[in-house]
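Step one of this worksheet: look at the structure below.
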Amino acid sequence: MSIKQVFNSFSNVFKFDDSDRRFELYETEYGDPYEKERGERSTQLESNVKEDLPINKDLHSNLTMIRQDFRTDINPDLLIREFMLGGEVPAAIVFINGISNAMVINDFLLRDGMKEGAIKNATKPLYEYVLKSVFTVCDAKTENKFVKLKRKILAGQAIIFIEGEERALVFDSRLYPTRSVDVSENEKTVLGPKEAFVESLRTNVSMIRKSIQTDNLVCEMRTAGKESNTKIGILYCEGVANNALVNEVKRRLSKINIKKVFAISTLIQMMESTPNSPFTSALLTEKPDRCASFLLEGHVALVCDGSPLIAIVPTTLYMMFSMPEDFYARSPAASFVRAVRIIAAITSIYLPGLFIAIVMYHHGFLSPELLNTIIASRVMVFVPISVELVMLMLVFQLIREAGMRVPGSIGQALGIIGGLVLGQAAVAANLASAVVLILVAFVGLGNFCIPDYTLQLTSFYIRIGFVFAAIMAGFLGIVAGTLIVTGYMC
Amino acid sequence: MNLSEGKSGQQAIISMTCVAMVTTGLFSFYSGELYPLGNSTYVSFPVGAIIAGLVFLLAVAAIKSCNAHNLMDMFEFSIGKFLARIISAILIVYCITCAILPLNRFLNIMYNSFFINSNYFSIALFIIPVLAYFSLLGLEPICRTARALVWFLLAMHFFSLISEVGELDVYHIAPIMGDGLENTALVSLKASGLFLPALLFILWNPKSVHGLKFAKRAGYFSVPITAIVCGLTFLALAMMFTYIDLTNLYTPLYRYSMVRALENLILRMDKIMSFIWIMAVLLASSYYMYASSNIYAKMFKQNDSRPASIGLSIIMLYIAISSHLTLTIVKQVLDLLRNYSFLILSVPIIIVSGIAIVRASIINRRQQNEVGVG
């Protein structure tokens with residue numbers, strides 16, 4: 001190892017992050033990210049592959065290589081169909097059965113390719129001629145690197161190798177099984193559009209493009225996950241979104257180094273500077289109109305193939321309290337509802353802690369009547385009030401979790417059984433007092449007013465934290481907790 | 001936090017300085033010292049804020065005249081490195097004092113009103129870690145938190161003042177300016193010395209508030225706001241209690257909010273308000289604590305103020321507890337620092353700023369002459 005190599009390896013260890021200018025180029029939706037200065041692809045897969053060999057001019061050696069790599073002896077998914085191009089030149093089409101569209105392959109590749117005299121007037125190079133004059137598939141290109149061809153096969157594209165040609169033809173024949181566009185389940189609206197994103201990146205991007213019909217809307221494609229090679233779309237409105245923000249998103253995306261990314265929520269956690277924080281830094285939405293609205297305000301959207309949610313970055317707490325309905329309702333009504341939502345959330349977070357603080361330390365806050373009611377309801381309850389409250393909050397969370405995991409109608413029934421029957425039984429058995437039960441139910445209602453699911457979970461942690469702070473130091477604990485949480489969020 | 005931290009916005013830093021100055025004004029002085037002869041606090045505290053503002057403007061002018069980047073540079077230009085460090089040390093001491101005085105008051109309130117069976121140390125253990133946490137976070141989160149909470153704090157404070165309006169009587173103010181001009185001026189000067197550290201820290205770190213221009217603007221806004229809030233609060237107190245009553249009250253504001261108990265579900269407004277005020281006090285103390293650790297770190301060319309913050313939090317825990325215990329020396333030192341704040345802090349700043357301005361003008365004139373001769 002030369003001194004220069006040693007120096008380079010040291011400088012690689014201690015060098016700062018890559019400069020943003022590397023990410024300046026815009027790519028098309030179909031293109032892969034291309035880094036400006038290095039002149040090499042940035043995907044994780046390729047960086048780990050030792051060999052980046054060009055394809056051979058000999059058709060059979062190419063097919064042998066493909067067969068070996070894909071283990072066709074034990075892996076029947078890969079189909080290799082050899083044929084005579086124009087009845088003259090040997091060729092073979094390679095694709096994965098099930099994720100490639102057989103109709104495209106049969107009607108527009110094999111039929112056109114096998115037509116007699118198709119290459120009668122062919123000019124050199126042959127691959128260029130057949131690409132332009134023989135095959136009638138709209139998305140077609142050529143490629144000469146094995147690694148890239150393998151990736152395209154895995155993505156569902158069809159590859160045609162031609163005897164004596166140094167480049168292979170790549171045709172878009174992808175046909176993933178996806179569900180059709182459906183009504184939004186989690187962000188329901190009365191006045192606005194009802195359609196929601198699906199698991200297909202292309203469908204999701206096209207739904208956004210339908211809403212924003214401007215050439216300013218850019219969709220840059222990246223991949224994440226060494227093994228999953230999940231396609232990620234970075235959407236933003238050029239000229240509206242801050243360039244520094246867009247570059248920061250790209251930089252963080254390029255730093256992800258994991259095997260698999262199957263959902264946008266995983267991706268966001270990998271991109272965050274504090275992944276262990278209870279607060280999320282991205283808003284997840286399943287509504288195309290809402291996403292389009294945020295894009296037009298200068299936010300950046302991240303679309304992940306296989307995820308029916310789109311992440312909007314950056315986000316604020318206020319954004320998380322907005323609902324799609326707010327954009328369509330009349331301004332005073334929407335503002336009022338949003339204010340109610342925020343008040344309900346704050347109440348649900350603080351109420352248990354305040355209750356414990358008042359009951360345990362600051363009785364003077366309450367009128368004698370109210371204090372007597374609380375005392376009377378707890379006469380027969382044998383557990384301390386703090387334990388009772390924490391226990392009921394956990395039970396509520398248990399019912400909620402159980403209700404979410406079981407199918408729709410049973411989930412509702414479970415909620416009713418859990419809420420009414422269990423609560424009633426607990427009071428009758430002197431395991432819980434009616435006042436605390438009402439309080440926990442009220443807190444639960446307030447929690448459901450928080451539109452964002454991750455924020456609902458976060459509010460649970462904070463609520464429990466405030467309860468413990470109140471148990472330890474009453475209002476002083478809550479004040480300290482408030483300052484710490486606010487400081488952390490700021 | 002690392003010294004090359006983020007920048008605070010204009011509203012954030014104004015909110016922070018206002019919270020810091022107002023809490024210092026309202027909770028640093030004992031009634032026994034303010035009202036022995038009469039009550040003129042509603043004049044002396046606003047005047048004190050204005051005096052602090054004038055000293056601040058003088059320091060800004062001095063920094064500008066010598067083309068310094070911050071207060072430390074100006075000190076060094078004016079009186080040299082050694083003396084500059086001494087004045088910086090005085091500023092640190094005053095930041096700690098401004099943090100400790102209201103904290104002490106609230107430790108007492110907490111102990112006597114809410115946690116009688118507890119002890120000072122246990123209560124302080126809940127307070128000091130919050131300060132330490134904030135000072136580790138850095139200036140930006142502290143200021144943003146202040147910005148997030150300032151409207152709530154102000155609204156609650158004014159609500160407590162307004163809720164007792166029915167009990168106010170104008171004749172309680174009599175004798176008007178009963179303290180006499182001399183005493184009024186004295187209290188103004190004392191108050192001005194305690195208002196000053198919050199303002200001076202902005203000048204110590206103008207980079208963190210987007211430059212000297214914005215630091216100056218923060219001072220322009222926070223001084224009148226402090227003067228108004230303090231003035232109105234002390235006026236309300238003066239209209240509620242006679243000066244004789246006030247002299248005997250440990251925390252008049254707490255007593256003020258007790259006067260009319262709301263005879264509904266919530267009986268005791270005073271208890272709610274005491275926790276609102278302690279929120280403001282904690283925020284202000286965090287700011288002062290961060291300020292002192294930051295000044296210390298920059299004074300000794302350290303790249304990170306976090307070790308200083310940890311050290312200071314332990315010192316503050318000690319002072320907060322010891323001033324209530326047998327160590328009366330700590331209390332005496334705190335009283336001394338509070339009562340002679342103008343002499344110990346403001347006067348040196350005025351002198352140093354004056355020297356800087358004169359020196360800068362002499363150098364400028366000399367340079368102009370040299371250019372002329374050349």
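Letters A, B, ... are given to chains in the order of the sequence lines, protein chains preceding strands, and every chain is numbered from 1. We use all heavy atoms of the structure for the numbers below, so side chains are in, but hydrogens, waters and symmetry mates are not. Everything quoted here is computed from the prediction, not taken from an experiment.
Considering A/Val485, A/Thr482, A/Thr486 in turn, A/Thr486 is the only one that fulfils the side-chain contact (heavy atoms from CB on, under 4.5 Å) rule with B/Thr145.
For a residue to count as touching a neighbouring chain, one of its non-hydrogen atoms must lie under 4.5 Å from one of that chain's; by this rule A/Met489 does not touch chain B. Using a 4.5 Å cut-off between heavy atoms, B/Ile142 does not touch chain A at all. With a threshold of 4.5 angstrom between heavy atoms, B/Ile276 does not approach chain A through any atom at all.
The two residues A/Ala480 and B/Val130 have their closest heavy-atom pair at CB-CG2, 3.5 Å. Nearest heavy-atom pair, B/Phe134 versus A/Ile484, reported as atom, atom and distance to 0.1 Å: CE1-N, 4.3 Å. In plain terms, the two heavy atoms of A/Gly487 and B/Pro141 that are nearest each other are O-CB, 4.0 Å.
Looking only at side-chain heavy atoms (C-beta outward), A/Leu476 and B/Phe115 come within less than 4.5 Å of each other.
Heavy atoms from other residues, nucleotides or ligands lying under 6.0 Å from CZ of A/Phe442 number 12 at most. Residue B/Arg147 qualifies as open at atom CZ: its count of foreign heavy atoms under 6.0 Å is 12 or below. Heavy atoms from other residues, nucleotides or ligands lying under 6.0 Å from CZ of A/Phe336 number 12 at most. Within 6.0 Å of the CD atom in B/Gln10, the count of heavy atoms belonging to other residues, nucleotides or ligands exceeds 12. Other residues, nucleotides and ligands place no more than 12 heavy atoms under 6.0 Å from the CZ atom of B/Phe221.
Going from atom CZ of B/Phe275 over to atom CD1 of A/Ile478 covers 9.0 Å, rounded to the nearest 0.5 Å.
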